[in-house]
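Report on the structure given below.
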Protein chains: 2
Amino acid sequence: MDFSNNTIDRICRIFGYLTVLEKKGIDFISSKELAEAIGATEYTIRKDFSTLNFKGYTRRGYAVKSLKNKIGDKFLLNQKRRACIVGLGRLGTALLDYEKFQEDGFEIIAGFDISINKIERIQTDIDVFAISRLPDIVKSKNIELGIITVPGEAAQKVADILIKAGVKGILNFSPAKINVPQSIVHLDKDFTSALRFIAARFMVERK
Amino acid sequence: MDFSNNTIDRICRIFGYLTVLEKKGIDFISSKELAEAIGATEYTIRKDFSTLNFKGYTRRGYAVKSLKNKIGDKFLLNQKRRACIVGLGRLGTALLDYEKFQEDGFEIIAGFDISINKIERIQTDIDVFAISRLPDIVKSKNIELGIITVPGEAAQKVADILIKAGVKGILNFSPAKINVPQSIVHLDKDFTSALRFIAARFMVERK
DNA sequence: GTATATTAGTGAATAAATTCACAGATATAC
DNA sequence: GTATATCTGTGAATTTATTCACTAATATAC
Ligand SMILES: NC(=O)c1ccc[n+]([C@@H]2O[C@H](COP(=O)([O-])OP(=O)(O)OC[C@H]3O[C@@H](n4cnc5c(N)ncnc54)[C@H](O)[C@@H]3O)[C@@H](O)[C@H]2O)c1
Ligand SMILES: NC(=O)c1ccc[n+]([C@@H]2O[C@H](COP(=O)([O-])OP(=O)(O)OC[C@H]3O[C@@H](n4cnc5c(N)ncnc54)[C@H](O)[C@@H]3O)[C@@H](O)[C@H]2O)c1
């Protein structure tokens with residue numbers, strides 16, 4: 001079966017929230033509370049779960065641990081994913097050192113940059129390499145995800161290199177939209193568009 | 001009239017792309033090319049423009065400059081927006097120094113942090129202050145947008161402070177979901193959820 | 001033990017978003 | 001100057017997503 005982007009997006013947020021609940025030692029959660037936590041409605045969430053065949057308990061809700069495992073199994077969020085970061089500027093290095101990725105199931109295996117200077121001076125526990133080494137390292141270290149933090153002009157080129165090297169998914173933080181084959185999952189996350197969205201939304205609200 | 005989030009999101013991306021086209025000196029653009037550039041279909045875009053009453057020219061498409069201005073006027077993306085960043089860690093400082101925000105119409109007026117130590121050591125052209133000064137500064141400098149880059153645990157508290165100080169929109173990069181009154185426009189941008197989305201999407205694809 | 005309140009599950013209804021299909025306009029080719 | 005290909009604009013059709021409305025189950029209160 002196939003699921004809509006909306007459903008998958010909700011499921012991923014729910015997964016994150018379940019992680020929090022689990023840490024807090026909370027055992028059951030209702031569709032209503034889940035809805036509130038991720039910004040959706042209880043109906044949508046029950047519908048999602050219904051479609052996915054995730055069952056809850058009358059008057060108690062959904063069992064946190066079990067639900068988290070079911071989601072993890074179904075969407076393969078239980079297993080660690082191996083990622084790399086290309087472009088070790090301000091944003092790239094911030095991401096490189098973000099330890100929480102690790103506990104969230106994403107392991108940053110390597111960083112790459114075109115500037116040898118940068119590679120040599122960078123202070124981090126993660127291995128960093130010249131971009132020329134990318135194909136080799138992505139293959140040998142089985143890296144599945146590429147995170148692009150190079151300037152917009154270089155984004156497409158980097159995407160091509162990543163895909164050729166064998167990554168299966170790309171998260172692109174540059175403002176450029178990248179073109180990738182259908183088989184590669186990718187997401188463009190442009191902060192400026194996000195800010196504009198807020199500005200535009202706000203203005204529309206006032207009318 | 002009111003527009004859907006989807007429409008506004010597309011419009012913001014189109015606005016960004018029009019900026020690029022303008023710089024390149026391209027005068028006309030078709031719905032098809034726009035669609036391709038932002039990852040939508042030509043139908044949707046023509047429908048959006050139809051609803052918004054943005055007219056194009058047969059066999060030529062839409063006039064780049066004029067369209068950009070119309071969008072800018074309608075959604076108030078032409079005027080500079082004043083923003084601040086709260087939480088000057090790795091992500092916050094990366095954003096603080098991102099000059100491109102300026103040319104994209106967002107001016108980072110100030111940065112805030114709870115750690116006086118950090119405030120004192122930080123190297124940047126932007127003014128940085130202790131969080132206690134936020135209400136005062138947001139008001140006196142007319143700051144409209146708050147960007148949250150504090151740890152998840154502090155996000156809600158910071159959101160409350162920002163709102164009380166008078167910001168009208170919030171972009172939250174922490175993994176916590178924040179609760180804000182209806183009148184405040186806000187967006188939660190959690191990188192981990194984005195990575196999970198890719199991982200989940202990818203796995204679904206394979207099935 | 002019974003009544004009550006809460007919560008899931010789901011087909012049906014509704015609403016929203018997208019796509020289609022085609023008429024109308026016009027730049028371009030020849 | 002005419003034919004042709006291309007591109008917009010928009011109601012209608014379709015598809016997708018959400019919400020409703022109600023049944024069933026059961027924990028909790030008393
Ligand atoms: N810094 C921010 O807060 C911020 C905000 C919004 C968007 N962005 C976007 O994120 C991206 C990175 O931003 P930044 O501020 O970190 O930029 P930066 O200039 O600090 O870093 C970019 C890095 O990419 C490297 N690079 C350039 N071309 C490369 C290539 N072909 N292969 C490998 N590495 C290459 C550079 O050497 C540099 O280290 C940009 O696209 C930017 O528009 C950044
Ligand atoms: N670094 C990344 O690449 C990255 C990636 C994904 C998500 N995030 C999220 O972005 C946020 C910032 O991440 P980071 O890596 O920059 O963290 P960081 O720990 O480097 O910085 C956080 C900053 O917030 C400040 N702070 C804490 N409480 C505050 C308060 N109440 N008021 C004002 N300032 C306060 C701290 O002093 C610190 O300077 C976090 O929520 C994190 O989960 C970061």
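In what follows, chains are A, B, ... by sequence order, proteins preceding strands, each numbered from 1.
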Could you tell me whether A/Arg60 sits above the aromatic face of A/Tyr57, with NZ or CZ closer than 6.0 angstrom to the six-membered ring centre and within 45 degrees of the axis? yes
Polar side-chain atom of A/Ser31 near backbone of A/Ile45 as donor-acceptor pair, under 3.5 Å: no
Within the distance-only criterion (no hydrogens, no angle test), does the side chain of A/Arg82 pair as donor or acceptor with the backbone N or O of A/Lys141 below 3.5 angstrom?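 Side chain of A/Arg82 to backbone of A/Lys141: a pair is present.
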How is B/Thr7 classified with respect to the nucleic acid when contacts are heavy atoms under 4.0 Å: base, sugar-phosphate, or nothing?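 Nothing, no heavy atom under 4.0 Å.
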Roughly how many Å is it from [atom1] in [X] to [atom2] in [N], rounded to a whole number?
X: B/Asp9; N: C/dT18; atom1: CG; atom2: P; answer: 10 Å
X: A/Ile45; N: D/dT19; atom1: CD1; atom2: P; answer: 11 Å
X: B/Ile38; N: C/dT18; atom1: CD1; atom2: C1'; answer: 14 Å
X: B/Phe3; N: C/dA17; atom1: CZ; atom2: P; answer: 12 Å
X: A/Asp2; N: D/dT16; atom1: CG; atom2: C1'; answer: 13 Å

Check this for me: does any side-chain nitrogen of one of A/Asp136 and A/Arg133 sit under 4.0 Å from a carboxylate oxygen of the other? yes
In sequence, state the C-alpha distance, the side-chain angles, and the governing distance for B/Leu145 and A/Leu195, and then conclude on side-chain contact (heavy atoms from CB on, under 4.5 Å). CA-CA 9 Å; B/Leu145 294 169; A/Leu195 281 174; 4.3 Å; yes
Between A/Tyr62 and A/Phe49, is the ring centre distance below 6.0 Å? yes
Are the aromatic rings of B/Phe173 and A/Phe191 close, with centres under 6.0 Å apart?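 Judged by ring-centre distance (under 6.0 Å), B/Phe173 and A/Phe191 do meet the cut-off.
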Is the count of non-hydrogen atoms from other residues, nucleotides or ligands lying under 6.0 Å from A/Lys32 atom NZ greater than 12? no
So if I take the C1' atoms of five pairs at each end of the helix from C/dG1-D/dC30 to C/dC30-D/dG1 and get each local axis, what angle do the two axes make, rounded to 10 degrees? 30°
Do any side-chain nitrogens or oxygens of A/Ser4 fall under 4.0 Å of OP1 or OP2 in D/dA17?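 So the side-chain polar atoms of A/Ser4 do come within 4.0 Å of the phosphate oxygens OP1 or OP2 of D/dA17, strictly under.
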Please tell me if A/Asn6 has a side-chain N or O lying less than 4.0 Å from either OP1 or OP2 of D/dT18. yes
Could you encode protein contacts along nucleotides 6-12 of chain C as a string, one character per nucleotide from 5' to 3', using B for base contact, S for sugar-phosphate-only contact and - for no contact, with a heavy-atom cut-off of under 4.0 Å? BBSBBBB
Sequence-distant partners of A/Thr7, side chain to side chain contact (heavy atoms under 4.5 Å, CB included), two or more places apart: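 Side chain to side chain contact (heavy atoms under 4.5 Å, CB included) list for A/Thr7, sorted by chain: A/Phe3, A/Ser4, A/Arg10, A/Ile11, A/Asp48.
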